[in-house]
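Contents: one structure, followed by commentary.
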Amino acid sequence: MIEVQLPDGTIVEKEDHATALDVAKGISEGLARATAAAVIDGNTVDAMRPLAELTDTRPVALQLLTTRDAEASAVMRHSCAHIMARAIMRLYEGVGLAFGPVKGNTFYYDFDLATPISEDDFPKIEAEMKKICKQAEPFERFTMGRDESIQFCADLNQELKVEHIQGGLADHDSLSFYRQGEFVDLCRGPHIPHAGMIKAFKILSVAGSHWKGDVSNRSLQRVYGTAFFDKKELRAYLEQIEEAKKRDHRVLGSRLQLFTINPDVGQGLCLWLPKGATIRATLEDFIKAELLRRAYEPVYSPHIGRVELYETSGHFPYYRDSQFAPLFGHSAGQLVDYWIRALDPNDEETTPPTADEEQKLLDAAMVMGFKGEEFPLQGSVEEKHTVLRNWEKLQERYLLKPMNCPHHAMMYKAIPRSYRDLPVRLAEFGTVYRHEQSGELNGLLRVRGLTQDDAHLFCTPEQVEQEFKDTLGLVKYVLQAVGLEDYRVQLSSKDPGSDKYVGSDELWENAQDTLRRVLTEEGIDFVEAPGEAAFYGPKTDFMVKDCLGREWQLGTVQLDYNLPIRFELEYTGRDNKPHRPVMIHRAPFGSMERFVGVLIEHFAGAFPLWLAPEQIRVLPLSEKSDDYAKDVASKLRTGGFRVTTDLQSAKLQAKIRQAQLDLIPYMLVVGPKEAEQNAVAVRCRIDGDLGVMSFDDALAKLTAERDNLVIRQVASPTALATDEGEASNEY
RNA sequence: GCUGCUGUAGCUCAGUCGGUAGAGUGCGUCCUUGGUAAGGACGAGGUCAUGGGUUCAAAUCCCAUCAGCAGCUCCA
């Protein structure tokens, strides 16, 4: 017999081989029907496995997971992934199985499959899945030894599973499988007792992916789906997605005329329309005022800089692929650049020049002033490259600036610095250009030209901690001021196994320790993300989600001991000797583009009074009141408000409806009565009609709301839940 | 960049079997002059993303290019 303790403390005795399902049955048939899985020792486990196998603790502390528990849904979705895989294997030949984990409310399965699956195929896959669910066959678990498992998977023609057992699961002696009818899959589990528990599911999309997430590996087809225990929940979830899409900043940006992106201007290059620009300018003014209070100094730098500058900083070689190609000060540079690439055997876009062509290139180069006799016409490619590289260096090459830090480092260097001057805080809304992969571009959230609310702090090693602390405080303050409270803090640290980082391990450890310590002292919850650091230093990133639940980095504070070395930055210490400062890179908003994009979604386009591009709209009751409306608007403008008048010959209801749809915070209705008393009838977008008040009272009320940066929202946006639970799916 | 999907009026979308393109909304003009979420009439708007091909005939079929969307990968 085995003793089992239920969450309420009750202890029940069961047969030795009893399962969680048996315990549930002992309580009620209904409970047994609803039991999807169990929790023992904090682990989610199969409800149909004998309890004695699952833990040595006695009595067994057992918690049943029923169809009402969120954890049970995750188990069920994983089972649904198996069912989808089973259906697809019935419909297609030669299906290779990769991974099929759960991700938030959705699941996916990666398939190695020659035939492309398209959306048109979803109905037939779903129909097959429905059949499987109807049959309500159980999920049966069994285990095998390593070698046996490898042979088993090989016999099933599941090469990827074989590879995974040999690679990722190398330290597992025994492996578990789940069988459901004719379908068997290497899987850690757990699963629901039988397929009949899945009452509602839907295939959502199909996309490409790569085996183990590595682009150099074979590409797979990833089919996404979602499943629920209840049809209503599925419908509600699909509606929630539709609802969330209405908040999409790309949709609102165009409806509210905030910004536009035009392919004729260029991919990923956004055009800020007046209303969007107003929001941005308001935010910039807000942060400029705050920086003044915090003793930052404004600077400006040009949009381009010499390539050598970025070679010094390390950005050019490191990010070459995602930068716009260098610009040449003279066309001779282009000639040499072309020549170098033509000779490069690894450059697939070019073919080596013939002897004839090379002579022409040489003639052209001599016309442009190069010393032709230096060029080894009969030499090797390497010898030619050497000469061409030298010629290239004679040319001015510029980079559209991908980063502001090198410019700011030069500004630091421009003036002799004493320890008494530090910290030096140089701030600039710096516009940078990055040639992001085309598939990555996304509205305002990922663009090719962006403006960072950037600043670089240069301080002594002793000051680092305080400066870092203050900077974190600034980021938190700024986010709180605009009402963005739903963020996650991440300490992006170095991946010890990678060689992409510059600088000594000691500097890195030192920097990471400082970040960890300050974050802990400040009581900021954070997760550490190894491998997410910049190549020159660790950083603290503030992450937020968009309307589809995708995560983006907004604010960032980065510690950097490396660029000061590369740029040989110095200050004179108390000892009259040169010392090396430490740099802190920081951008509370991140980029103005992404930040405004996120804000649009956060407020669903309905900005608080202080940020709204059009703050007040004056609505005359009829044309008879047009003059008074203009008068009111003009006085509000004098009070610093952004105000318009609606003079179209429409009924009041229509004007109000239009203003509500345009998400204008306040409407002032004026008719003959108001004109007579120098009054206005105030209507708030959120609260509706506030009644008639004197113009002065209305002005005072709105001024207070604006100047206090009051944030008001009808409902706080509910981002789609997409908790990252992927790591738990080991196989 | 990769995989899949999409591209028709300013916007949202119809358009059957290949046979000279349609709605709603917005926009303009006129009528209407109103009290807190849609008053009415008329009108203008399209090289069906671009370039090729197949065909007597292409928005429709095929190919390429460009752009967008979702995911992957990348992200200073």
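Throughout, protein chains are lettered first and strands after them, A, B, ... in sequence-line order, and every chain is numbered starting at 1. These numbers come from the heavy atoms of this one structure, side chains and all, not from hydrogens, waters or symmetry mates. Just so we're clear, the structure is a prediction, and the values are computed from it rather than from any experiment.
Spacing between atom CG of Leu661(A) and atom P of rU25(B) amounts to 14 Å, rounded to whole angstrom units. When rounded to the nearest whole Å, the span between NZ of Lys246(A) and P of rU12(B) equals 15 Å. Protein atom CZ of Arg550(A) is 5 Å distant from nucleotide atom P of rG71(B), rounded to whole Å. If you measure from atom CD of Glu436(A) to atom P of rC75(B), you get 10 Å, rounded to the nearest angstrom. At whole-Å resolution of the value, CE in Met667(A) and P in rG34(B) are 21 Å apart. Per the geometry, CG belonging to Asp627(A) stands 19 Å off P belonging to rU33(B), to the nearest Å. Rounded to whole angstrom, the span from the CZ atom of Phe324(A) across to the P atom of rC75(B) amounts to 18 Å. Atom OH of Tyr628(A) and atom C1' of rG35(B) are 15 Å apart (whole Å).
Side-chain atoms of Gln660(A) lie closest to rA37(B) of the nucleotides rA37(B), rG4(B), rC2(B). Side-chain proximity of Ser438(A) to rG34(B), rA70(B), rG1(B): nearest is rG1(B). Side-chain proximity of Arg446(A) to rG1(B), rC75(B), rG71(B): nearest is rC75(B).
Scanning atom types as modelled, one donor and one acceptor separated by under 3.5 angstrom connect the side chain of Ser649(A) and the base of rU32(B).
For the segment residues 650-659 of chain A, residues with any heavy atom less than 4.0 angstrom from an atom of RNA chain B are, sorted by number, Ala650(A), Lys651(A), Leu652(A), Gln653(A), Ala654(A), Ile656(A), Arg657(A).
A pairwise comparison of heavy atoms in Leu399(A) and Pro326(A) identifies CD1-CA, 4.0 Å as the closest pair. Scanning both residues, Tyr628(A) and Glu674(A), for their nearest heavy atoms gives OH-O, 3.7 Å. Taking every heavy atom of both residues into account, Gly503(A) and Asn562(A) meet most closely at CA-OD1, 3.1 Å. Of all non-hydrogen atoms in Tyr310(A) and Ser313(A), the two that sit nearest each other are O-OG, 3.2 Å. For the pair Glu528(A) and Ser493(A), the tightest heavy-atom approach, listed with the atom from each and the gap, is OE2-OG, 3.3 Å.
Residue-level contact check: Gln267(A) touches the backbone only, with heavy atoms under 4.0 Å from sugar-phosphate atoms and none from bases. Nucleic acid contact class of Gly688(A) (heavy atoms, under 4.0 Å, all strands): none. Base engagement by Tyr319(A) is indicated by at least one non-hydrogen atom pair under 4.0 Å involving a base atom. Residue contacts for Pro402(A): at a heavy-atom cut-off of 4.0 Å it reaches a base atom on one of the strands shown.
A cation-pi arrangement is present between Arg222(A) and Tyr108(A) under the rule of less than 6.0 angstrom and at most 45 degrees off the ring axis.
A distance below 6.0 Å separates the ring centres of Phe111(A) and Tyr109(A).
Put simply, Arg250(A) has a side-chain N or O that comes within less than 4.0 Å of OP1 or OP2 on rA70(B).
For rG45(B), the glycosidic angle deviates from 0 by 90° or less, giving a syn base.
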